[in-house]
Amino acid sequence: MSLTRRRLLHSGLAGLSGLGSLALLPGTAEASDYRALVVLFLAGGNDGHNCLVPTDGAYTDYQRARTNLALARSSLVALPGTSAGHSFGLHAALAPLAPLYAQERLAWIANAGPLVEPASGQQVRNNLVQVPPFLLSHSESVLIQQGWTVQDDLSGWAGRAIERMPGALRHPLNTITMSDGRTLVQGRQSAPAYFETFALPQHFGWANLLQADSAEVQALRALASRQSGNVYANEYLRGLQRSVDNAALLAAMTESASEPTLDFGSGPLGDSLRRLARLLRGAKALGYRRQVILVQWGGFDTHANQRGSDPTTQDAQLAVLAKAVAAFDEANRSGGLDDNVVTLLMSDFGRTLRPGSGGGSEHAWGNHLVALGGPVAGGQVIGTFPDLTLGGPDDGDRQSNGRHVPSIATDQIGATLMQWLGLPASDLHDVFPWLVNFQQKTIPLLRT
């Protein structure tokens, strides 16, 4: 028999130490004030050139530059109207996302990526501007996209922003990661909670955290609360205590909502987003206010065999992605979260416009990103769509391989979303230090 709400809160929250009155309990905030950002990070560097394709005269430039990677114009799923000076179509595998664009709840963000300052292709080629370090390296590009500023701390822009928000918006589950990656949601003084994809959060080893009075939970809490004369042991015990506390809160949050019955597809991504949709419903029901959740998935480092039906190709992965993301959006709408959740799709970097020698593409810079959800001003391509000629004005590569210099900074996207969550404008430069070089701090991504 399912737990009643009162019993659930008693069992799931009982025994938590050091959490104070951080907007944990129902009644401390109106449910309608809940807002969450979900960042789905596509690992490896997704090729945006084969996701969003111009269908007007610029298609000729695309086809000439992409040669064997080019999608046939007849295969593209047309998007309604024109935007950013072009008409567009989507990769056929992304067809489930086309209705969301038509419903004006999904927007593309053209040619975005990390920038220290505004830059053009010619300025980059001539070394006239400062650019982020370690460009084209997977590990460093992931960190920089997620907010690492190459300083002493490894915090991310969402983690730093949460720490600068008003106290009424703060709670222990402000930031969550569903993978080993955590930079985006890592704060300077705070760490994210971990939400397991394949196991219910109430199971902490042999202990069921929803049964607070059981011998197993009592033994676990007694162990976590111990003190030691060894500084390393004490740090381990503090980490264990945080893990137990977070798991108990996640268990209560998950148990308070039903899992959506939509078809998310099979596999890790569908499982993750189905579980996450349930968690978000529970967070709103229990009166939580602000959350950022990081989900990482995919193998988009397609140096070879980018096209085709093999599960490792971009073509096949995009089909899995679109099905799961469309179901996630529908789950949020049907679960009463239409105005509460924004989902942002990011990746390490874009890929070269010119194909590589193995039927794939190489590491590049600017990329086309996706944002969706009720708060998104959808049905448009935001920003300046790049010129698709090799060696053209947006190409920052001296060998003319089509490594586009971003025209929108990742920090501008992050600042837009973090202000929506509640970050004061006065704290933008602390959270996004490179924004000091940009006159325009945000982009028109959200409904006003």
task: Using the salt bridge (Lys or Arg N to Asp or Glu O under 4.0 Å) rule, take Asp430 and Arg160 through it: C-alpha gap first, then chi angles, then the decisive distance, then the call.
output: CA-CA 8 Å; Asp430 177 72; Arg160 291 193 297 270; over 6 Å; no

- request: Under the side-chain contact (heavy atoms from CB on, under 4.5 Å) rule, what do Gln146 and Phe41 come out as? Steps first, then yes or no, please.
  value: CA-CA 9 Å; Gln146 296 186 16; Phe41 203 89; 3.5 Å; yes

- prompt: Where do His368 and His404 land on the ring pair (Phe, Tyr, Trp, His ring centres under 6.0 Å) test, with the steps shown first?
  reply: CA-CA 11 Å; His368 307 320; His404 288 138; 7.9 Å; no

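Under 4.0 Å is where a charged nitrogen must lie from a carboxylate oxygen, and between Arg274 and Asp271 at least one such pair does. Electrostatic pairing of Asp329 and Arg105 counts as a salt bridge here, judged by a charged N lying under 4.0 Å from a carboxylate O. No salt bridge links Arg351 with Asp47; every basic N to acidic carboxylate O contact stays at or beyond 4.0 Å.
If you check the side chains of Thr55 and Ser87, you find a donor sitting under 3.5 Å from an acceptor. Arg403 and Thr352 form no side-chain donor-acceptor contact under 3.5 Å, judged by distance and modelled atom types alone. Using modelled atom types and a 3.5 Å distance limit, the side chains of Gln419 and Thr442 yield no donor-acceptor pair. Neither side chain, Asn174 nor Arg289, offers a donor N or O lying under 3.5 Å from an acceptor on the other. Between the side chains of Tyr288 and Asp33, not a single donor N or O lies within less than 3.5 Å of an accepting N or O. Counting only N and O atoms by type, the side chains of Gln186 and Ser155 include no donor and acceptor under 3.5 Å apart.
Only one option out of Tyr62, Phe385, Tyr59 pairs with Phe88 in a ring pair (Phe, Tyr, Trp, His ring centres under 6.0 Å); it is Phe385.
The backbone N or O of Gly181 lies less than 3.5 Å from a partner atom in the side chain of Thr177, making a donor-acceptor pair. A donor-acceptor contact shorter than 3.5 Å is absent between the side chain of Thr183 and the backbone of Gly156. The backbone N or O of Gln440 sits less than 3.5 Å from a side-chain atom of Gln412, completing a donor-acceptor pair. Under the 3.5 Å distance criterion, the side-chain polar atoms of Asp348 are matched with a main-chain donor or acceptor of Gly44. Using modelled atom types, no side-chain atom of Gln296 and backbone atom of Leu42 make a donor-acceptor pair closer than 3.5 Å. Side chain of Ser141 to main chain of His138: no donor-acceptor pair is present (N/O by atom type, distance under 3.5 Å, no hydrogens or angles). Listed for the Ser334 side chain is a donor-acceptor partner under 3.5 Å among the backbone atoms of Glu330. Arg447 contributes no side-chain N or O that, together with a main-chain N or O of Pro375, makes up a donor-acceptor pair within less than 3.5 Å. Gln291 places no side-chain N or O within 3.5 Å of a backbone atom of Arg35 that could act as its donor or acceptor partner. Judged by distance alone, with hydrogens and angles left aside, the side-chain atoms of Ser75 form a donor-acceptor pair with the main-chain N or O of Ala72 at under 3.5 Å.
Screening residues 302-340 for ring pair (Phe, Tyr, Trp, His ring centres under 6.0 Å) gives His303-His363 as the qualifying pairs, with residues at least two apart or on separate chains.
Atoms CG and OG, on Asp394 and Ser407 in that order, are 7.0 Å from each other to the nearest 0.5 Å. Once rounded to the nearest 0.5 Å, the distance linking CG of Leu71 with CG of Leu76 reads 5.5 Å. The line from CG of Leu353 to CG of Leu388 is 5.5 Å long, rounded to the nearest 0.5 Å.
Taking the six-membered ring where the residue is Trp, Phe432 and Trp157 present tilted rings, their angle falling between 30° and 60°. Note on ring orientation: taking the six-membered ring where Trp is involved, the planes of Phe300 and Trp297 are perpendicular (angle over 60°, cut-offs 30° and 60°).
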Show me the side-chain donor-acceptor pairs of residues 96-104 shorter than 3.5 Å, one per line, residues at least two apart or across chains.
residue, atom, partner, partner atom, Å
Tyr101, OH, Gly379, O, 3.4
Tyr101, OH, Gln380, N, 3.4
Gln103, OE1, Arg333, NH1, 3.1

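Scanning for salt bridge (Lys or Arg N to Asp or Glu O under 4.0 Å) contacts around Arg182 gives an empty result, with sequence neighbours left out.
In the displayed structure, Asp310 atom CG is contacted under 6.0 Å by more than 12 heavy atoms of other residues, nucleotides or ligands.
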